[in-house]
Amino acid sequence: METVKNLEISLKSKKYKIFLGNNLLNQIDFILKNHLTNKNIVILYDKVLKDRLNILELSLSKVASKIASIEISSGEKSKSLNNYIKLCEQVIKTGISRDTIIVAFGGGVIGDLVGFVSSTLLRGLNFIQIPSTLLSQVDSSIGGKTGINSVYGKNLIGTFYQPIAVLTDVSLLQTLNKREILSGYAEIVKHSIIKDKVFFQWLEKNGPDIIMGNNQLRIEAILKSCRIKRSVVEEDEFEKGNRALLNLGHTFGHAIEGYLNYDGTILHGEAVSIGIIMAIKLSLKMGYCSKNDYERILKHFNDVGLPTSMKLYTSKIIDPLKLWKIMQNDKKMYKNHLNFILPDKIGKCTIRKDIKKSEVLSLLNEELRT
Ligand SMILES: NC(=O)c1ccc[n+]([C@@H]2O[C@H](COP(=O)([O-])OP(=O)(O)OC[C@H]3O[C@@H](n4cnc5c(N)ncnc54)[C@H](O)[C@@H]3O)[C@@H](O)[C@H]2O)c1
Ligand SMILES: [Zn+2]
């Protein structure tokens, strides 16, 4: 029996646990017995996990009364309105009732999409997340944001809807490529810069081994990271205030993804990585953080191989004004202000609402034209 760590998430809308460890998939019947016994279960899974579906089904079959599985194509395109409708109909066709449990088995795309399906079917079915990418294990599976994309932008249609449990199995990461691992790692470092200097120091020491595949260190990093996200989300479940701190690097990051048309040229975590560097450069420019902290963050990003410049992703000249315009269309615009989450130092960030267009444009010009 593998050791299972757990972390309780205690929110106004729901209390639930994240179960975390190595090789947990074939023990789900035991770990989540209370939730699954005699239940009708519908698994919605990323096609890429097809070879591991039978392990999950076998384990579930020891306790469940009925299991159906529905495959979803890999990739962001699956988070569309058309696909959402198709999936709802497919799930309904399996024969569901109010106590059916939906299982989301995949990365952030599956978690967001299936979470949204679960939150709307029969006015809300219980769902369990089994995140299979590092990014989803440290970020998207916690906090209850679900959603799909509109033709006008990403994640514009969605709900806040918490799962009843999360099963995080690091053995699933064995098949994930290094780019995807780094993309998830960017969100881990993000959490440390937002709230925990000691964790950042720990990452400076252990980052390379986490990326290389040390499972014990991965478990520790995920746990530490989830604790930080938990503390922010528990304080502000519906993002009325400080939850926005989790968007460090995302104002720039989303604009970079948008500029590159969300066509897969750049991964979300890569854009966030570059966005964090831009945020700290802006912070340095404004006099909010020290050169020493900026250099320390930059060094860590270089040491582990996180990208620090958008220029790596296009051979064309990048237009700063176009990037700025995309930023303004971000749904995080509030009362005509662009919010920037800027580090004051490693372990502390502030939501800044007073950054002038000229400051941002001058930074983008320095960044992109040289
Ligand atoms: N809800 C939230 O709070 C939140 C937070 C951050 C990101 N997100 C969303 O998450 C999505 C990005 O998440 P992601 O990076 O996990 O994307 P993803 O789900 O597309 O997974 C990335 C790639 O890895 C593949 N994959 C998944 N598991 C694998 C495994 N075990 N082995 C090999 N390949 C595997 C997928 O098929 C895909 O090609 C975006 O849609 C983003 O909007 C949501
Ligand atoms: Zn993110």
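Read the numbers this way: they start at 1 and go in the same order the structure lists the ligands and their atoms. Treat the numbers as computed from the prediction; the structure is a model and nothing was measured.
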Is there a donor-acceptor pair under 3.5 Å between the side chain of Asp236 and the backbone N or O of Arg243? yes
Between Asp196 and Phe199 (side chain of the first, backbone of the second, donor and acceptor by atom type, cut-off under 3.5 Å), is there such a pair? yes
Can you tell me, to 10 degrees, how wide the angle at the Zn ion (ligand 2) is between NE2 on His268 and NE2 on His250? 100°
The Zn ion (ligand 2) -> Glu187, closest N, O or S atom is OE2
Is the closest basic N to carboxylate O distance between Asp99 and Lys39 below 4.0 Å? no
With a 4.0 Å cut-off, would you call Lys190 and Glu187 a salt bridge? yes
Would you indicate whether Leu312, at its atom CG, is surrounded by more than 12 heavy atoms from other residues, nucleotides or ligands within a distance under 6.0 Å? yes
Do you see a donor-acceptor pair shorter than 3.5 Å between the side chains of Ser136 and Ser141? no
Could you check whether any side-chain N or O of Asn40 sits under 3.5 Å from a backbone N or O of Gly95, counting only pairs where one atom can act as donor and the other as acceptor? yes
Ligand 1 polar-atom proximity to protein (N/O, under 3.5 Å):
from     : atom 1 : to     : atom 2 : distance (Å)
ligand 1 : 1 (N)  : Asp112 : OD1    : 2.9
ligand 1 : 1 (N)  : Lys145 : O      : 2.9
ligand 1 : 13 (O) : Gly108 : N      : 3.4
ligand 1 : 16 (O) : Gly108 : N      : 2.8
ligand 1 : 16 (O) : Thr133 : OG1    : 2.6
ligand 1 : 19 (O) : Gly108 : N      : 3.1
ligand 1 : 19 (O) : Val109 : N      : 3.1
ligand 1 : 28 (N) : Ser132 : O      : 3.4
ligand 1 : 28 (N) : Ser132 : OG     : 2.7
ligand 1 : 31 (N) : Ser132 : O      : 3.1
ligand 1 : 31 (N) : Leu172 : O      : 2.9
ligand 1 : 32 (N) : Thr175 : OG1    : 2.6
ligand 1 : 37 (O) : Asp46  : OD1    : 3.4
ligand 1 : 37 (O) : Asp46  : OD2    : 2.8
ligand 1 : 37 (O) : Ser74  : OG     : 3.2
ligand 1 : 41 (O) : Glu76  : OE1    : 2.7
ligand 1 : 41 (O) : Glu76  : OE2    : 3.3
ligand 1 : 41 (O) : Lys79  : NZ     : 2.8
ligand 1 : 43 (O) : Lys79  : NZ     : 3.1
ligand 1 : 43 (O) : Lys154 : NZ     : 3.1
ligand 1 : 43 (O) : Asn155 : ND2    : 3.3

